[in-house]
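Below is one structure, written out as structure tokens; comments come after it.
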There are 2 protein chains.
Amino acid sequence: MGRLPLFCDLSPQILAEITSEASVVKYARNDIIFRQGDPPTALRVVLDGQVGLTGTVSDGGETMVEILKAGEMFIAAAVLTEKPFLMSAVALQPSRILSLPGERFRRDVRERSDLSYLMLTSLSRHFRTLVREVKDLKLKSAAQRLALYLIGLTAKREGSTIVRLPHSKSVIAARVGVRPETLSRAFGHLKERGVIVEGNAVSIADIPALRAYCHEGEEII
Amino acid sequence: MGRLPLFCDLSPQILAEITSEASVVKYARNDIIFRQGDPPTALRVVLDGQVGLTGTVSDGGETMVEILKAGEMFIAAAVLTEKPFLMSAVALQPSRILSLPGERFRRDVRERSDLSYLMLTSLSRHFRTLVREVKDLKLKSAAQRLALYLIGLTAKREGSTIVRLPHSKSVIAARVGVRPETLSRAFGHLKERGVIVEGNAVSIADIPALRAYCHEGEEII
DNA sequence: GAGCTAAATTGACCTCGGTCAATTGCCGAA
DNA sequence: TTCGGCAATTGACCGAGGTCAATTTAGCTC
């Protein structure tokens, strides 16, 4: 746990205290961790695997707001406000999830200023990614959002690369905010921009060009 | 300032310290307070008036992510992370804005656990409204989002009411995430649901029915 | 390897919301 | 009062993405 980027700023001693009541649960692929509307009982941290957070309406509409990987914590806002979950969480891969009981966690946050400061900066960063999300949804096309997603998969900023898609295409479609059919077509559009798909391997011929495409017409970021 | 809901939990003494370097600036209608991409120099609080936060792309696309009224603080996340603004801020009405210099504010937050806890809960609530925003954008129609907006204007939950629109229709359109033309048509659709518009007065015949409409097909909130 | 199921792709069609243009209504200034 | 300008509405049209259905492909088990 000390290796998680989230908590590595805390001293081992504090870390031990905070996690003294924590428990670890394993989930199989497609297991539901909690449902939209449930009361938040614990802060969760992904130890291994992948977790998807999806908002749903009963007529079948569903959207994946976030995909989390190992080391990321989630639902901090729900636990802190003690309000029902706005999203459901599902294990996209076999996963181990750490639970920090809510009552205890809220007390720790209230009493330990180092922890509350840590949570604050973490939530701030997270907040900004959500703002970006809102802007992208309103202002960018499906193909641009897909390009953004692909670029997020690599750390390289120059030349070309080949990335492996870490999820099934339908999960990616939900993440990008379109139907699977539209995702296929969006990949088709990106072919003209040097993106070639083979199974779950995607080769990007010109990273800067693709970056330029998805920020097309943008003033400043 | 002590009257602001945001800070009223703090003792007057602490409040005085925190605001010791604060300044107040007046803005006329349509004045730009800061631009997307600017570095964040200060946390802002709306004392009077209204402020809109808009994300823009240079090809003309623009979307209003938030509208703030008196008592609300904004851009906390940018100030805390010291990253450039993701949005521009414009005064929608003549406004007085309080500025808390960033460097000082970050120090206060780091050193005062009561302040950092306050910021944390405030940001958590804010975070959840953004999550709702993302879900609404992906899963609801323009008319449903307009209905949500209208319902947010009244505290009543039963019977009928008449609300005054607090902004021009074009501002509301941006807020709802559509073009002004589409807003007109959305109002047209809502007419069938007992919503009648006359200038900036809107009468809602059946509040529960309208609430049901915008949460149509939703499992749990 | 055969055969089954789920995922992915492709095509035809539709709908919502955007775009462009024309018209109407409203308000302030001369 | 009349004019000018902006906000708002209305209509005609367009296009991105959704929907539905038909194939194709991939990943399985047996």
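Numbers restart at 1 for each chain; the letters A, B, ... are given by sequence-line order, proteins then strands. Since the model is a prediction, treat every value here as computed from it, not as a measurement.
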Set of residues satisfying side chain to side chain donor-acceptor pair (under 3.5 Å) with respect to A/R145, sequence neighbours excluded: none
Backbone N/O of A/T63 and side chain of A/T54: donor-acceptor pair under 3.5 Å: no
For A/E21, all residues meeting salt bridge (Lys or Arg N to Asp or Glu O under 4.0 Å), sequence neighbours excluded: A/R104
Rounded interatomic separation in angstrom, taking CD from A/E181 and C1' from C/dA12: 13 Å
Pairs meeting criterion salt bridge (Lys or Arg N to Asp or Glu O under 4.0 Å) with involvement of residues 76-86 of chain B, two or more places apart: B/E82-B/R106
Test side chain to side chain donor-acceptor pair (under 3.5 Å) applied to A/N200 - qualifying residues, sequence neighbours left out: A/R164
Contacts of A/K169 that satisfy side chain to side chain donor-acceptor pair (under 3.5 Å) - sequence neighbours left out: none
Value in whole Å for how far the P atom of D/dT9 lies from CD1 of B/I196: 15 Å
Polar atom pairs between nucleotides 13-18 of chain C and protein, under 3.5 Å, N or O only, would you list them?
residue, atom, partner, partner atom, Å
C/dG17, OP1, B/A142, N, 2.6
C/dG18, OP2, B/R179, N, 3.3
C/dG18, OP2, B/T182, OG1, 2.5

For B/H167, ring-ring contact (aromatic ring centres under 6.0 Å, His included) partners two or more places apart: none
Donor-acceptor contact below 3.5 Å, side chain B/T129 vs main chain B/H126: yes
Separation of atom CZ in B/F187 from atom C1' in D/dT10, rounded to whole Å: 16 Å
With A/R96 via salt bridge (Lys or Arg N to Asp or Glu O under 4.0 Å) - residues at least two apart: A/D48
So which protein nitrogen or oxygen atoms get under 3.5 Å of nucleotides 5-7 of chain D's nitrogens or oxygens?
none

Approximate separation, where rounding is to 0.5 Å, of A/Q93 CD and A/S168 OG: 8.5 Å
A/S122 side chain vs A/L118 backbone, donor-acceptor pair below 3.5 Å: no
Any donor-acceptor N or O pair under 3.5 Å, side chains B/T56, B/Q36: yes
Partners meeting side chain to side chain donor-acceptor pair (under 3.5 Å) with A/E133 (sequence neighbours left out): A/R175
Angle of first-five versus last-five pair axes in the helix from C/dG1-D/dC30 to C/dA30-D/dT1, to 10 degrees: 30°
What are the atom names and distances for every N/O pair under 3.5 Å that joins the protein to nucleotides 22-28 of chain C?
none

